[in-house]
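A short write-up of the structure that comes next.
If you read the sequence from its start, that first residue is 1, and numbering goes on from there. Quick caveat: nothing in here was measured; it's all calculated off a predicted structure.
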Amino acid sequence: QVQLVESGGGLVQAGESLRLSCAASGSIFSINAVNWYRQAPGKQRELVAGITGAGDTNYADSVKDRFTVSRDNAKKVAFLQMNSLKPEDTAVYSCNAVLLLGPFDTPRQFWGQGTQVTVSS
């Protein structure tokens, strides 16, 4: 089956860094956009960063200049480099990817199960 699996989360202190990975597996023809979301308890899910199939990126204002999204198309992996982490960044981070499962398929959205990021002060 097609899967997206996040990894790289953990517990860090404020000011430290983490790199999250979103690995796609299964029979995938191509990967279009990849977006990173996060959701903290009691808060609405928010879009953190995204990267298009062409490599264009966008970021939430709260993470600009600290986070960087990238992708390795050959390995079918997307990354979210998170620097200068703050306690406010604590959340479950999930990736969402728009995939084509075949050359004649329509774009489909897939979600990973999420990885916990906890930033202590």
Side-chain angles (χ1 to χ4, degrees):
Q1 285 98 327
V2 172
Q3 283 188 305
L4 296 179
V5 179
E6 300 95 338
S7 62
L11 173 63
V12 297
Q13 297 183 71
E16 296 182 342
S17 299
L18 283 173
R19 174 174 284 204
L20 306 183
S21 299
C22 175
S25 63
S27 182
I28 299 171
F29 181 73
S30 66
I31 303 174
N32 293 342
V34 178
N35 296 298
W36 286 96
Y37 291 83
R38 69 184 181 188
Q39 187 168 30
K43 294 186 178 180
Q44 187 176 354
R45 185 182 65 188
E46 65 173 334
L47 177 64
V48 177
I51 183 167
T52 69
D56 298 318
T57 60
N58 64 279
Y59 301 92
D61 289 340
S62 60
V63 307
K64 280 185 176 179
D65 302 320
R66 297 190 298 121
F67 290 12
T68 302
V69 63
S70 61
R71 61 192 292 166
D72 185 332
N73 290 331
K75 296 182 178 180
K76 298 181 180 178
V77 178
F79 303 96
L80 183 66
Q81 178 67 43
M82 305 185 295
N83 297 328
S84 302
L85 282 163
K86 304 175 181 179
E88 305 88 82
D89 296 318
T90 296
V92 174
Y93 286 72
S94 302
C95 67
N96 172 282
V98 179
L99 310 177
L100 273 69
L101 304 187
F104 309 109
D105 193 25
T106 57
R108 303 173 186 268
Q109 290 193 24
F110 288 80
W111 286 90
Q113 291 184 282
T115 185
Q116 177 71 46
V117 172
T118 302
V119 184
S120 65
S121 58

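Counting only residues at least two apart or on different chains, no ring pair (Phe, Tyr, Trp, His ring centres under 6.0 Å) pair has a member in residues 48-93. Sorted by first then second residue, the salt bridge (charged side-chain N to carboxylate O under 4.0 Å, His left out) pairs that include residues 73-86, not counting sequence neighbours, number zero. Sorted by first and then second residue, the disulfide (SG to SG under 2.5 Å) pairs involving residues 28-63 (not counting sequence neighbours) form an empty list.
Side-chain heavy atoms closer than 4.5 Å link hydrophobic residues (I, L, V, M, F, W, Y) into clusters, and following such links, possibly through other members, connects V12 to V63. L4 and W111 are not part of a single hydrophobic cluster, where members link through side-chain heavy atoms under 4.5 Å apart. V92 is not connected to F110 by any chain of hydrophobic side-chain contacts under 4.5 Å among Ile, Leu, Val, Met, Phe, Trp and Tyr, and they are in different clusters.
Legend: residues meeting side chain to side chain donor-acceptor pair (under 3.5 Å) with Q113, ordered by chain and number and at least two apart, are absent.
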Hey, can you pull the donor-acceptor pairs under 3.5 Å for the side chains in residues 14-37, sequence neighbours left out?
| from | atom 1 | to | atom 2 | distance (Å) |
| --- | --- | --- | --- | --- |
| E16 | OE1 | Q13 | N | 3.0 |
| S17 | OG | N83 | OD1 | 2.9 |
| R19 | NE | Q81 | OE1 | 2.8 |
| R19 | NH2 | Q81 | OE1 | 3.4 |

Which pairs would a plain distance check flag for residues 44-52, meaning a side-chain donor or acceptor within less than 3.5 Å of a matching protein atom at least two apart in sequence or in another chain?
| from | atom 1 | to | atom 2 | distance (Å) |
| --- | --- | --- | --- | --- |
| E46 | OE2 | R38 | NE | 2.6 |
| E46 | OE2 | R38 | NH2 | 3.1 |
| T52 | OG1 | A54 | N | 3.3 |
| T52 | OG1 | G55 | N | 3.3 |
| T52 | OG1 | D56 | N | 3.1 |

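Closest of all the heavy-atom pairs between S84 and D89 is O-OD2, 4.4 Å. Shortest non-hydrogen contact noted between L85 and R66 is CA-NH1, 3.9 Å.
With hydrogens and angles disregarded, no donor-acceptor distance shorter than 3.5 Å links the side chain of E6 to the backbone of T115.
Inspection of the T118 and Q116 side chains reveals an N or O donor paired with an N or O acceptor under 3.5 Å.
For the pair R108/L101, a side-chain contact is recorded, criterion being any heavy-atom separation below 4.5 Å from C-beta on.
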